[in-house]
Amino acid sequence: MPAVASPVTRPMAKLRPGPAAAYGVLAALALFALGPFTWVLLAAFDPDANIFVQAPRTLSLENFQNAFTDAGGLGLIVNSLIYAGGATLILVVVTTLGGYALSRYDFRGRRTFMLSILLVRVIPPTATIVPLFVLSKDLGFVDTYHGVILVLASLNVPLGLWIMKGFFDTVPIDIEEAAWVDGANRLQTAFRIVLPLAGPGVAAGALIGFIGAWGEFLVPLVLISDPDKMPISIGLFRAWLNYTNVDWGLLAALSIIYMVPAVAFYVVARRALQSSLAGGLAGQ
Amino acid sequence: MRRIQSWREGLTVAAFLAPALALIGLFTVAPGIWAVVQSFTDRALVGRNAANVQFIGLDNYAQLAGDPDFSASLVRTVVFVLLSAIVGQTILGFLTAYLLATRPRWRLRFSPLFAAIFLLPLAVPEAVAALAWASIANGTEQGFLNRMTGAFGAEPVQWLQEHAMATIIVVNIWRGIPFAMVLFSAALEGISREVLEMSLVDGATAWQQFRRIILGILRPQILLFLMLTTITTFGIFGLVYFLTRGGPGDATTLIGIYIYLQGFKFFEIGFGSAAATVMLVILLTLGVYYVRLMREQA
């Protein structure tokens with residue numbers, strides 16, 4: 001762009017608030033972000049951990065070993081995997097189907113429909129938790145894996161539909177139409193041609209669904225009272241309430257085990273999450 | 001995309017959408033409607049009023065209006081949203097996004113590293129975030145926070161007892177900064193470099209550029225974030241309940257915790273449903289505004 005004068009020729013030193021100050025602010029905020037994890041990190045590797053922050057005299061993986069061998073610890077991990085895995089599977093299936101239909105077909109009121117789904121998203125489980133409990137009890141869902149899985153899956157359906165529709169929108173319909181001409185029917189093209197192309201989108205939707213179900217606190221708190229069926233989130237909470245009779249090292253190790261998949265998936269799905277939070281939701 | 005042309009196509013679309021709609025309908029919409037209906041009854045979770053439910057008109061709402069605990073929890077929630085979400089998260093989230101963004105004559109090293117660190121508070125599950133804060137806010141001398149303040153000669157403080165509200169506000173700012181940062185970073189990336197270059201060429205100071213140009217361009221995104229964070233913060237439960245269970249006393253009983261306690265501690269389904277209905281009305285009103293914002297930005 002030759003019309004724009006090169007800005008480099010002007011003395012601009014006075015414009016800078018100074019990167020040093022910026023680094024200072026960022027460092028302070030980084031300490032704020034990381035500081036609260038101090039105890040969790042130190043205690044997890046400390047065989048003599050307690051609730052206080054202390055430098056471990058020896059570092060060991062004993063606590064992690066215990067978390068996996070201790071019946072309580074392992075049970076929590078397995079339960080969380082069942083809930084989050086099941087909810088993710090259901091979420092992916094229903095939002096892939098729904099997202100495809102919303103992306104490929106137009107019908108009267110489709111736009112209003114999309115916006116209503118968005119509106120449903122603003123209703124938090126907090127507002128509906130009491131009826132949700134009564135309903136789950138009537139359906140025999142309380143203290144069952146399948147019931148909790150269905151409820152957890154439902155929480156992310158509105159967001160999932162929007163994400164999936166957005167991804168299917170990026171797969172040009174021409175490809176499908178060419179396949180129809182070749183004699184494939186609509187369902188065949190959807191599965192054989194569109195789904196593989198929208199694969200990354202489906203994966204992103206799955207990650208987001210997993211993160212949501214994996215971290216959920218209120219729903220399992222209300223729907224599960226059987227200690228054998230509790231996920232990690234409730235296990236941590238109950239241990240914290242117990243306070244006096246707690247293996248703090250094991251608890252810290254369990255927290256690390258619990259946060260690692262969430263953080264890892266978050267990093268992988270960040271782009272999709274970002275666009276779904278910001279522009280992606282704007283769709284049409 | 002094409003219009004549905006036959007009833008068979010219509011049926012296909014309906015079948016594709018049915019499972020998703022069934023889940024939303026059964027577990028979100030129906031409980032929402034049920035809450036509104038029950039708010040006009042004296043239903044209880046257990047005991048005589050569990051089986052023998054009577055419609056009592058607006059009695060629950062009259063009782064709610066006269067309940068100082070309810071109005072107090074509502075006011076507390078507004079203060080919490082205002083200080084933690086609208087002020088804290090927005091300002092600090094914008095600040096981090098702004099400092100980390102690359103623009104003409106501004107590029108910091110280690111930006112990706114900082115961004116990764118800042119994401120952590122949001123990436124960890126709610127229960128870990130709460131447990132982490134619970135541990136460092138420990139009221140004894142050996143608590144992490146007390147050691148930090150103790151280094152400056154301060155006495156140990158029972159953070160979750162003496163300053164419960166302030167502590168949960170700080171915790172929620174901490175957890176919400178990443179969300180604001182992610183949204184604002186995406187928005188800042190979208191500003192054309194030419195516009196920024198030109199403003200500098202025209203002799204604008206960095207402050208003028210920030211105020212007149214960047215804030216102007218980002219106004220829709222800032223508004224959108226304010227709506228989103230207000231809505232999500234209003235319905236907060238796990239983070240606060242884990243840390244304080246609404247206490248000490250009812251010092252941190254936000255509206256979400258109030259509803260939970262009515263239902264599961266006092267078993268007052270009808271009365272609790274009236275409180276839930278108030279929350280639903282507030283959130284759906286905000287939600288309609290949010291949907292309108294989204295539609296305009298489409």
Side-chain angles (χ1 to χ4, degrees), chain A residues 4-5 7 12 15 17 19 22 26 29-30 33-34 36-40 51-53 94-95 97-98 100-101 104-107 115 118-120 122-124 126-128 130-132 135 151 153-154 157 161 215 217-218 233 236-237 240 255 258-259 262-263 266 274 277-278 281-284, chain B residues 1-4 13 16-17 19-20 23-24 27-28 31-32 34-35 96 99 105 108 114 117-118 120-121 123-128 131-136 138 142 144 182-183 186 197 200-201 205-206 231 235 237-238 242 256 259-260 263 269 272-273 276 279-280 283 287 291 294 297-298:
Chain A
V4 180
M12 282 297 167
L15 291 185
L26 289 174
L29 285 167
L34 294 178
F37 295 110
T38 313
W39 174 81
V40 176
I51 185 58
F52 310 128
V53 170
V94 306
T95 58
L97 289 174
Y100 177 80
R104 288 302 188 243
Y105 290 97
D106 197 11
F107 50 89
L115 293 173
L118 206 54
L119 190 60
V120 170
V122 311
I123 304 176
T126 327
T128 56
V130 176
L132 196 60
L135 176 78
V151 174
S154 77
V157 169
L161 277 180
F217 178 80
L218 176 58
S233 55
L236 293 180
F237 179 57
W240 173 250
S255 302
Y258 186 33
M259 69 189 256
V263 173
Y266 200 96
Q274 192 166 319
L277 293 174
L281 271 188
Q284 38 181 296
Chain B
M1 191 185 308
R2 62 184 209 157
R3 276 203 93 77
I4 294 177
V13 172
F16 271 47
L17 280 169
L23 283 179
I24 298 178
F27 296 121
T28 303
W34 199 87
T96 49
L99 291 178
R105 273 168 247 166
L108 293 185
F114 277 121
I117 291 173
F118 293 146
L120 206 57
V124 302
E126 207 170 27
V128 174
L131 182 66
W133 275 93
S135 64
I136 69 156
N138 187 301
Q142 293 101 320
F144 182 73
V182 165
L183 268 188
E197 290 270 6
L200 290 182
V201 172
T205 64
I231 289 168
F237 179 82
F242 192 119
I259 293 170
Y260 175 86
I269 305 266
S273 291
M279 185 189 201
L280 275 175
L283 285 178
V291 169
M294 294 295 274
Q297 286 190 23

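A, B, ... follow the sequence lines: proteins, then strands. Residue 1 opens every chain.
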Between G263(B), A20(B), A276(B), which has the largest tally of heavy atom pairs under 4.5 Å with chain A? A20(B)

For L218(A) and Y260(B): C-alpha separation, side-chain torsions, deciding distance, then whether side-chain contact (heavy atoms from CB on, under 4.5 Å) applies. CA-CA 10 Å; L218(A) 176 58; Y260(B) 175 86; 4.0 Å; yes

Chain A heavy atoms under 4.5 Å from L108(B): which part of the residue, side chain, backbone, both or neither? both

Using 0.5 Å steps for rounding, measure from the CG atom of L29(A) to the CZ atom of F114(B). 9.0 Å

Inter-residue atom distance I136(B).CD1 - I51(A).CD1, 0.5 Å rounding: 10.5 Å

Chi angles and distances behind the side-chain contact (heavy atoms from CB on, under 4.5 Å) call for W34(B), T128(A): CA-CA 9 Å; W34(B) 199 87; T128(A) 56; over 6 Å; no

Specify which of L26(A), V120(A), V40(A) makes the most heavy-atom pairs with chain B at under 4.5 Å. L26(A)

Where is the tightest heavy-atom contact between L131(B) and S255(A), given as atom of each residue plus distance? CD2-OG, 3.2 Å

By a 4.5 Å heavy-atom criterion (distance strictly below it), what part of L132(A) contacts chain B: side chain, backbone, both, or neither? both

Of the non-hydrogen atoms in F107(A) and V13(B), which two are nearest, and what is the gap between them? CE2-CG1, 4.1 Å

Test your reading of the model: is there a side-chain donor-acceptor pair from S233(A) to the backbone of A127(B), 3.5 Å cut-off? no

Can you check whether V124(B) reaches F37(A) side chain to side chain, under 4.5 Å on heavy atoms? yes

Heavy-atom closest pair (M279(B) atom, A127(A) atom, distance to 0.1 Å) is SD-CB, 3.7 Å

Can you say whether L135(A) sits under 4.5 Å from chain B via the side chain, the backbone, both, or neither, judging by heavy atoms? side chain

Could you tell me which non-hydrogen atom of P19(B) sits nearest to which non-hydrogen atom of V94(A), and how far apart they are? CB-CG1, 3.5 Å

Report which part of F144(B) has an atom under 4.5 Å of a heavy atom belonging to chain A: side chain, backbone, both, or neither. both

Taking all atoms of both residues into account, what is the closest heavy-atom pair of F217(A) and G238(B), and its distance? CD2-CA, 3.5 Å

If we define contacts as heavy-atom pairs under 4.5 Å, which of V128(B), I231(B), T28(B) has the most with chain A? V128(B)

Contact winner vs chain B - P36(A), A30(A), P131(A), A33(A), heavy-atom pairs under 4.5 Å: P36(A)

Can you list the steps and then say if I259(B) with T126(A) is a side-chain contact (heavy atoms from CB on, under 4.5 Å)? CA-CA 8 Å; I259(B) 293 170; T126(A) 327; 5.5 Å; no

For W240(A) and S135(B), work out which heavy atoms get closest and say how close. CH2-N, 4.4 Å

Given side chains that start at C-beta, do those of N138(B) and W39(A) come closer than 4.5 Å, heavy atoms only? no

I123(A) side chain near L283(B) side chain, heavy-atom distance below 4.5 Å: no

